[in-house]
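In this chain, numbering begins with 1 at the start of the sequence shown.
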Amino acid sequence: MGQQSRRESYSGPISSTCSRNDQHLHYHHHHHHYYAQGQHRPLELDDKGDNIVLPFGKLEGLSLDDMRETAYEVFFTASRSSPGFSGRHSLSFNPNNHENGGDGGKPSNVVMSPTSRVKKALGLKMLKRSPSRRMVSGGSGGTTPAGGEFNDSREYHSWQKRQLKILELGLLQYPFVTLEKNNTFSMRLRDIIHSGESKPIDTGKNSDTMRTLCNSVVSLSWRSNNGTPSDVCHWADGYPFNIHIYTTLLQAIFDFRDDTLVLDEVDELLELIKKTWSILGITRPIHNVCLTWVLFQQYIVTGQIESDLLCASHAMLNEVANDAKREKESFYVKILTSVLSSMQGWAEKRLLNYHDHFNRGNVGQIGSLLPVMLSVSKILGEDLTISDEEGGGKGDVTIVDSSGDRIDYYIQSSIKKAFDKVVEEAKSKSAELEMKGELSEILVHLAQETEDLAVKERETFTPILNKWNSTAGAVAALMLHNCYGHLLRQYLNEVTSLTSETVQVLQRAEKVEKVLIQMVVDYTSDGEDDGKTVVKEMVPYEVDSIIFKLLRQWIQESTWNPKSKSEPYAQSAAELMKLANTTVEHFFQIPIGNTEDLIQDLADGLESLFQDYMMFVAACGTKQSYIPSLPPLTRCNRDSKFSKLWKRAAPCGSSLTDLNHIHGTNEGHHPRPSTSRGTQRLYIRLNTLHYLLSHIQSLEKTLTQIQSPGVTVPSNRHRFATNRKNQNSGSLSHLEILNSSIPAACQHVSEVAAYRLIFLDSNSTFYDSLYVGDVANARIRPALRILKQNITLMTAILADRAQPLAIKEVMKATFDAFLMVLLAGGSSRVFNRSDHVMIQEDFESLNRIFCTCGEGLIAENVVEREASVGEGVIALMGQSTEQLVEDFSIVTCETSGLGMMGSGQKLPMPPTTGKWNRSDPNTILRVLCHRNDRAANHFLKRTFQLAKRR
């Protein structure tokens with residue numbers, strides 16, 4: 001804290017000799033009044049108007065004028081108590097003599113240097129003006145009678161209240177030594193201060209109030225931490241009272257004629273101000289911090305027009321950095337942290353949004369502000385925490401500690417804010433114009449705005465930022481690329497078809513991307529590692545692939561969108577049949593003799609055309625693409641983390657049946673079907689194939705029966721057709737390949753549609769949730785409700801002829817999914833032997849869905865035949881573990897050719913065929929893997945060393 005005032009040199013607001021108190025106070029008032037005439041009035045720093053958090057807070061009840069008067073009184077008292085000080089004369093300097101300043105113990109005759117050592121160190125130029133009035137003005141001053149340099153009693157009362165307020169702040173509110181509760185002197189002082197609010201206190205020689213005041217002040221100011229009397233006086237060195245006084249004193253270094261300038265006499269002023277250190281508890285490190293703040297504060301309150309003040313503050317930060325390495329005292333650290341945090345907070349609000357705060361006219365200020373902030377960050381020793389705040393929420397956190405990364409942070413933040421601003425302006429403009437459905441126009445407009453931001457960044461800010469980070473331009477381009485790309489992806493997520501507007505947006509996005517990529521290349525041309533990293537982080541828009549994808553989607557939708565509910569097939573099929581019928585009709589109208597060979601040539605040509613079209617319709621993938629891969633075999637661990645978690649969660653009453661129907665799948669007793677548009681388009685393909693099949697039969701009759709008008713067809717034509725008909729057991733002869741391949745195509749499309757419906761569209765309610773955790777809380781009922789709705793929708797779309805096969809394939813896919821739940825359900829499913837009763841009930845309910853889904857659509861014996869495999873697996877689940885192990889050992893030996901197991905032989909691992917059957921060893925093994933008991937766990941560990949579930 002620095003050396004304090006000693007008892008023999010004590011000089012405070014209240015003299016220790018009570019008889020001279022009033023004269024002492026008036027003496028201060030007289031000299032301060034003269035000093036204030038030459039003192040400029042600095043602008044007041046406001047933590048709202050200037051967006052800055054004041055590092056030392058505010059002193060309630062004390063105005064800025066009060067603080068300046070108090071600061072001078074402390075200054076005057078400190079100077080008056082110094083050796084060689086004349087109480088009858090104000091301060092004076094001899095410009096002709098030069099003597100470097102010293103500490104408060106050296107002679108107080110101060111001279112002005114022809115050049116300022118302080119200004120040189122701070123990088124400030126000399127003003128070359130005549131000495132300041134407040135530095136050289138002479139005159140005599142002395143004591144005056146009580147109430148003499150005051151105009152009226154009101155002024156005197158105000159002055160006295162300020163004196164009492166200072167005592168309250170220094171001794172009661174912010175004491176250097178913590179004030180104990182129920183301190184008698186503090187209570188007396190409070191009473192006197194309170195009584196002085198309404199009227200002036202009596203300061204006469206025989207005043208009891210004045211005597212009590214003196215005793216209280218002296219007693220409070222000479223306390224120590226251990227409660228014993230101290231030889232050091234503490235009346236103005238409590239934080240933050242002392243710092244407020246000291247920073248107010250430091251304001252005197254600025255020229256009152258132009259408060260952006262520092263006086264040439266700053267060296268001498270600082271030497272004089274140094275005399276207050278012992279009273280205010282200031283040390284050299286604290287002085288350096290305070291002067292740094294005062295210079296920085298002056299830059300702010302004078303309108304941020306004099307960058308020399310920032311440079312001076314930066315120069316002081318070099319001293320502060322050295323002090324901070326050595327000084328670890330808590331009071332100093334507190335002041336240092338407060339000042340640097342306030343500086344950083346104010347500056348980073350501007351640097352994090354420099355597009356709003358700077359322009360071509362004042363962009364140079366960034367060059368002065370950045371080194372200050374980098375020094376501040378270095379002194380604080382803090383790592384910068386960067387989080388993704390898109391949408392108002394908290395994102396990923398990245399820890400960085402280099403100046404280059406901090407510059408990146410400023411760039412990314414400012415670019416994002418600038419981009420968000422143009423987005424909001426675009427939205428507002430579109431709302432004002434009542435634009436509806438014109439999102440594409442907004443995207444095109446924002447593309448131009450993005451280019452404009454890139455140009456502004458490149459021409460205005462990058463040249464300055466590049467001095468601290470050589471890839472600044474590339475970082476800005478990457479951020480702009482990400483911002484526009486985010487909007488572009490949002491837009492494309494809503495695009496359902498390819499339109500000219502969508503193409504325009506994509507083409508404009510491609511142009512923006514080329515501009516930004518070029519900007520990245522320009523600022524990473526030297527091949528720096530940082531530049532390569534930036535390039536890798538730039539995720540391309542992939543405009544060409546998106547257009548191609550949308551084009552394919554457009555083709556699919558255009559091709560498989562039915563004309564109407566009464567014509568639920570692709571219109572291209574109707575046009576193809578119309579073309580075929582017209583061709584046949586024209587063929588028989590040709591006035592020449594037609595032989596069987598010519599007719600068959602025509603049929604072969606039409607058949608080839610229909611065959612290509614049929615293959616196009618049936619080209620929809622395979623069912624395997626929808627069936628999930630089988631999880632690895634593991635043994636059931638009864639104490640697995642999943643089981644513990646499930647048991648812990650079970651008492652709350654929630655189950656997956658309550659949770660797995662969010663987002664529209666669980667809507668009471670009337671759930672919506674989960675059939676996707678892709679599956680519905682497969683139904684249109686199936687209708688199209690059946691449409692072809694029915695109309696090709698009519699075409700075949702035409703080829704067989706129609707004769708050309710006026711032309712006698714050779715009799716062997718009928719013999720030829722009859723022979724082909726007989727050879728094919730009554731089938732149509734001219735298009736026999738097509739008539740046999742279309743049913744196969746129908747079966748393939750039905751199968752793919754069924755497996756897509758069950759394993760993709762209904763995945764959340766079936767394979768992903770059925771029996772997860774335990775059987776009782778994840779039964780099949782919710783899945784059955786969705787299945788009924790899907791079947792209802794399917795029969796509403798499909799033509800009558802297509803429905804039996806389609807429903808049969810859905811049944812097969814559903815049974816396959818059910819078996820996968822039981823045998824390949826992964827680590828989230830475990831079964832007890834007793835569960836097979838509930839599983840059997842669920843499976844019977846599933847069977848009834850298909851037996852009753854429509855009149856004659858699927859025979860009951862067909863359902864029973866397809867369900868037989870499932871019945872067998874459920875029967876295995878009802879067997880004891882010992883029986884399962886015995887059956888498994890027998891069938892494994894039989895299928896592997898081992899015969900009887902000998903001593904020392906090990907059972908081989910049966911291969912996974914996917915063809916589940918109660919006699920299949922792999923099926924039995926999977927039942928054991930899901931069996932939740934100790935015997936199954938021990939057998940699997942001993943025989944196959946299967947891993948436990950996690």
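A cation-pi arrangement is not found for Arg406 relative to Tyr409, the charged atom failing to lie both closer than 6.0 Å to the ring centre and inside a 45° cone about the ring normal.
Note that OG of Ser413 is 4.0 Å distant from CG of Leu352, once rounded to the nearest 0.5 Å. Rounding to the nearest 0.5 Å places OG1 of Thr70 at 3.0 Å from CD1 of Ile166. Between Leu172 atom CG and Arg190 atom CZ the span is 4.5 Å, to the nearest 0.5 Å.
Taking a cutoff of 4.0 Å between a charged side-chain nitrogen and a carboxylate oxygen, Asp191 and Arg188 do not qualify as a salt bridge. Between Arg257 and Asp255 there is a salt bridge, since at least one side-chain N of the basic residue sits less than 4.0 Å from a carboxylate O of the acidic one.
In this structure, the side chain of His244 engages the main chain of Gly57 through a donor-acceptor pair within 3.5 Å. A donor-acceptor distance shorter than 3.5 angstrom exists from the side chain of Glu329 to the backbone of Tyr332, with no hydrogens or angles considered. Judged purely by atom type and a 3.5 angstrom limit, Thr276 has no side-chain atom pairing as donor or acceptor with the backbone of Ile279. A distance-only check finds a donor-acceptor pair linking the side chain of Ser195 to the backbone of Ile192 [under 3.5 Å]. Here the side chain of Gln160 pairs no donor or acceptor atom with the backbone of Gly196 at under 3.5 angstrom. Checking side-chain atoms of Ser414 against main-chain N and O of Tyr354 turns up a donor-acceptor pair under 3.5 Å. Between the side chain of Asp237 and the backbone N or O of Phe176, no donor-acceptor pair lies under 3.5 Å. A donor-acceptor pair is defined here as one N or O able to donate and one able to accept, closer than 3.5 Å; no such pair exists between the side chain of Arg162 and the backbone of Trp159. Between the side chain of Gln365 and the backbone N or O of Gln304 there is at least one donor-acceptor pair closer than 3.5 Å. Looking only at distances, a side-chain donor or acceptor of Asn322 sits under 3.5 Å from a matching main-chain atom of Asn318.
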Side chain to side chain contact (heavy atoms under 4.5 Å, CB included) assessment of Thr248 paired with Tyr72:
CA-CA 9 Å; Thr248 303; Tyr72 177 72; over 6 Å; no

Test log, rule side chain to side chain contact (heavy atoms under 4.5 Å, CB included), inputs Leu295 and Phe254
CA-CA 9 Å; Leu295 291 167; Phe254 300 109; 4.1 Å; yes

Go through Ser313 and Met343 one step at a time and tell me if the side chain to side chain contact (heavy atoms under 4.5 Å, CB included) criterion holds.
CA-CA 10 Å; Ser313 183; Met343 293 174 66; 3.7 Å; yes

Could you walk me through whether Leu370 and Ile407 pass the side chain to side chain contact (heavy atoms under 4.5 Å, CB included) check?
CA-CA 9 Å; Leu370 269 176; Ile407 301 299; 3.5 Å; yes

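Within the 4.5 Å cutoff, the side chain of Asn183 has heavy atoms near those of the Leu220 side chain. Within the 4.5 Å cutoff, the side chain of Leu340 has no heavy atoms near those of the Thr292 side chain. For the pair Tyr410/Glu348, a side-chain contact is recorded, criterion being any heavy-atom separation below 4.5 Å from C-beta on. Side-chain contact between Gln251 and Gln297 is present, with at least one heavy-atom pair separated by less than 4.5 Å. Taking the side chain as every heavy atom from C-beta outward, His234 and Arg223 never approach each other to under 4.5 Å. Inter-residue side-chain proximity for Pro371 and Trp468 is flagged as met; some heavy-atom pair is nearer than 4.5 Å. The shortest side-chain heavy-atom distance between Trp235 and Val74 falls under the 4.5 Å cut-off. Looking at Lys165 and Lys161, their side chains never come closer than 4.5 Å, going by heavy atoms from C-beta outward.
For Glu60 against Leu169, the heavy-atom pair with the smallest separation is O-CD2, 4.4 Å. Of all non-hydrogen atoms in Trp293 and Val339, the two that sit nearest each other are CB-CG1, 3.8 Å. A pairwise comparison of heavy atoms in Ser307 and Ser368 identifies CB-OG, 3.5 Å as the closest pair. In this structure, Cys290 and Ile243 approach most closely via the heavy-atom pair SG-CG2, 3.9 Å. When all heavy atoms are compared, the tightest approach of Thr203 to Met210 is CG2-SD, 4.0 Å. The two residues Leu336 and Ile379 make their nearest non-hydrogen contact at CD2-CG2, 4.3 Å.
Ring geometry, Tyr239 versus Phe331: the interplanar angle exceeds 60°, so the pair is classed perpendicular (tilted spans 30 to 60°).
Counting non-hydrogen atoms of neighbouring residues, nucleotides and ligands closer than 6.0 angstrom, the NZ atom of Lys328 exceeds 12 such neighbours.
Annotation: side-chain hydrogen bond (donor to acceptor under 3.5 Å, both in side chains) contacts of Ser186 (sequence neighbours excluded): none. Residues forming a ring pair (Phe, Tyr, Trp, His ring centres under 6.0 Å) with Phe296 (at least two apart in sequence, or on another chain): Trp346. Listed by chain and residue number, Ser116, Val118, Lys119, Ile253, Val262, Leu270 satisfy the side chain to side chain contact (heavy atoms under 4.5 Å, CB included) test with Val266 (two or more places apart in sequence, or in another chain).
Side chains of Gln163 and Glu73: a donor-acceptor N/O pair is present below 3.5 angstrom, by distance only.
Separation of the Tyr174 and Phe241 ring centroids does not fall under the 6.0 Å cut-off.
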